[in-house]
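For clarity, every value in this text was computed on a predicted model and none was experimentally measured. Hydrogens, waters and symmetry mates play no part in the numbers below; they use all other heavy atoms, side chains included.
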Amino acid sequence: MKKKSTVILSTIMILSLLSGCESMSGGLTREQKLSDRVRRTLTGLGYNEMLTFSFGSPSVFDKLRLSADDKLRDAVVISNPLGEDFSVMRTTMVPSALSSLAVNHAHRVENAALFEISYVYIKTAAYPEELPEHRQLITICRYGNGNFFDFKGDVEALLKALRVRKYDFEPGDGASMPYMHPGRLCRLTVGDNTDAGFFGQIHPEVAAAFEVPDDTMVACISTAALYGNAIDIPQNKELPKYPAVTRDIAVVLDKEVPQGHVQKLICERGGRILESCTLFDCYEGLQVGPGKKSLAYALSFRAADRTLTDEDVDKAMKKILNGLETVFGASLR
């Protein structure tokens, strides 16, 4: 009996990209890659990503203790809302963050840590002829298992993960943000003093209104400012050939002077040879007097082309001390 032969037909398809301007090869954009880095960093710090609605209720503005003329109240009103609770587009991420934490707190979650990369919607001068401005923010929030300085460390870890080299923390204005604790509020600036957002502890009255713990922390950071100062590829530098010279300095000054301002002045007056300036002690008590505090710093000096002499370091130290005395009225302890 003759066997039947099997014929296998194969079709080869040759694909090519279109030649028009609408074609492009696949891949993530720079912003998408940086957002993935943000997610990996915050997840590694113990945060879980949340996803909240972009619209909400105008009643949250009263919970935030906003004044009647606060610009955050000027929200885009939805023409066909599902109800009062979904009638306006959000102008701040704080209510979304607090509402998510409130759900966790109601379910007796002892420590909750959440984040979201999403948008707020701000009216422009051209509204309603044009769409409102979409501002993308990184929102980080948590309660339990840490204080303000731990939360500040999480923000710094995010900045370092994005390799943002130049950033600064300034005391926040509680009057402009009445929903934040006035004594535990920081503004974040990056690059050439670009405002990147804020972080800190929620005001106790706002925490009670949203039914979250008093130690609730929130940060809202602009992705445009952050990504604009992020470094994609790390830049390595040669290991130093010459030894460092270390000095410690402790100064007494008014209690109200922010530590960050003092450290910034030390770095400016130290010049190129000042390699690092680290705060290692802050003291308030009888030994410095009422209304005063003592700040102690470890300074490291190094030159790239030679070994520094005591004269080189003494000259830099003199400039630093003169600056501290002139600007802040500080004195050596």
Side-chain angles (χ1 to χ4, degrees), residues 18 20-39 49-100 114-141 158 162 164 167 172-173 175-180 187-199 218-230 232:
L18 297 175
C21 60
E22 73 280 355
S23 65
M24 61 178 292
S25 58
L28 298 178
T29 64
R30 179 176 184 271
E31 288 73 18
Q32 289 172 331
K33 292 178 181 179
L34 291 173
S35 293
D36 285 346
R37 198 188 304 178
V38 170
R39 290 185 175 94
E49 187 169 9
M50 61 180 175
L51 182 62
T52 59
F53 291 113
S54 295
F55 34 80
S57 170
S59 64
V60 298
F61 300 135
D62 293 329
K63 289 184 177 182
L64 293 177
R65 304 171 67 242
L66 297 179
S67 61
D69 59 346
D70 195 294
K71 61 182 180 180
L72 292 179
R73 287 184 178 269
D74 189 18
V76 176
V77 179
I78 300 174
S79 58
N80 57 341
L82 297 175
E84 178 68 17
D85 291 340
F86 307 98
S87 59
V88 297
M89 303 299 292
R90 63 186 174 196
T91 56
T92 170
M93 288 293 298
V94 174
S96 300
L98 296 181
S99 298
S100 298
L114 305 171
F115 77 93
E116 181 175 10
I117 304 176
S118 193
Y119 294 89
V120 294
Y121 306 88
I122 308 298
K123 287 183 180 180
T124 63
Y127 183 84
E129 284 75 17
E130 295 182 4
L131 291 174
E133 179 186 354
H134 295 48
R135 296 180 186 174
Q136 190 180 55
L137 301 176
I138 302 170
T139 304
I140 313 169
C141 58
L158 177 60
L162 293 173
V164 178
Y167 61 86
D173 180 14
S176 63
M177 288 184 284
Y179 44 90
M180 301 299 294
R187 299 292 310 188
L188 170 64
T189 59
V190 295
D192 296 328
N193 205 32
T194 301
D195 184 14
F198 68 91
F199 65 91
V218 173
C220 293
I221 304 172
S222 166
T223 57
L226 213 58
Y227 295 175
N229 288 274
D232 299 320

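Looking at Met89 and Pro132, their side chains never come closer than 4.5 Å, going by heavy atoms from C-beta outward. Side-chain contact check for Thr223 versus Ser35: every heavy-atom pair is 4.5 Å or farther apart. Considering only heavy atoms from C-beta on, Val94 comes within 4.5 Å of Cys220 through its side chain. Looking at Thr91 and Phe61, their side chains come closer than 4.5 Å, going by heavy atoms from C-beta outward. Under the 4.5 Å side-chain criterion, counting only non-hydrogen atoms from C-beta, Arg135 is not in contact with Met93. Glu116 places none of its side-chain heavy atoms less than 4.5 Å from the side chain of Leu114. Side-chain contact check for Val60 versus Tyr179: every heavy-atom pair is 4.5 Å or farther apart. Using a 4.5 Å heavy-atom cutoff, the side chains of Tyr121 and Glu133 are not in contact.
Heavy atoms only, all atoms of each residue included: Leu34 and Asp232 are closest at CD2-OD1, 4.0 Å. Nearest heavy-atom pair, Gly172 versus Arg187, reported as atom, atom and distance to 0.1 Å: CA-CG, 3.8 Å. Counting all heavy atoms, side chain and backbone alike, Arg90 lies closest to Ser118 at NH2-OG, 2.6 Å. The two residues Gly27 and Gln32 come nearest to each other via the heavy atoms O-OE1, 4.3 Å. Scanning both residues, Ser57 and Val88, for their nearest heavy atoms gives C-CG2, 4.1 Å. Heavy-atom minimum distance, Leu137 versus Ser222: CD2-CA, 3.8 Å.
Side chain of Ser176 to backbone of Asp173: a donor-acceptor contact under 3.5 angstrom is found. Remark: the backbone N or O of Tyr227 is paired with a side-chain donor or acceptor of Arg30 at under 3.5 angstrom.
Crowding of Tyr119 atom OH: a count of heavy atoms from other residues, nucleotides or ligands under 6.0 Å not exceeding 12. Within a 6.0 Å sphere centred on CG of Leu28, other residues, nucleotides and ligands contribute more than 12 heavy atoms.
Rounded to the nearest 0.5 Å, atoms CD1 (Ile117) and CG (Leu51) are 11.5 Å apart. In this structure, the separation between CG on Leu188 and CG on Leu158 is 9.5 Å, given to the nearest 0.5 Å. Atoms CG and CG, from Asp192 and Asn229 in turn, are 7.5 Å apart once rounded to the nearest 0.5 Å. The distance from the CZ atom of Phe115 to the CD atom of Glu49 is 4.0 Å, given to the nearest 0.5 Å. Interatomic distance, Leu82 CG to Phe53 CZ, rounded to the nearest 0.5 Å: 8.5 Å. Between Phe55 atom CZ and Ser87 atom OG the span is 10.5 Å, to the nearest 0.5 Å.
Between Thr124 and Glu130, the side chains place no donor N or O within less than 3.5 Å of an acceptor N or O (distance only, hydrogens not considered).
A salt bridge is absent between Lys33 and Asp36: the closest approach of a Lys/Arg side-chain nitrogen to an acidic carboxylate oxygen does not fall below 4.0 angstrom.
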Full working for side chain to side chain contact (heavy atoms under 4.5 Å, CB included) between Ser100 and Thr52:
CA-CA 8 Å; Ser100 298; Thr52 59; 3.5 Å; yes

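Tested against Val190 for a side-chain contact (heavy atoms from CB on, under 4.5 Å), the candidates Ile221, Asp195, Val164 yield a single pass: Val164.
For residues 67-78, the set of pairs meeting the salt bridge (charged side-chain N to carboxylate O under 4.0 Å, His left out) definition, not counting sequence neighbours, comprises Asp62-Arg73, Asp74-Lys123.
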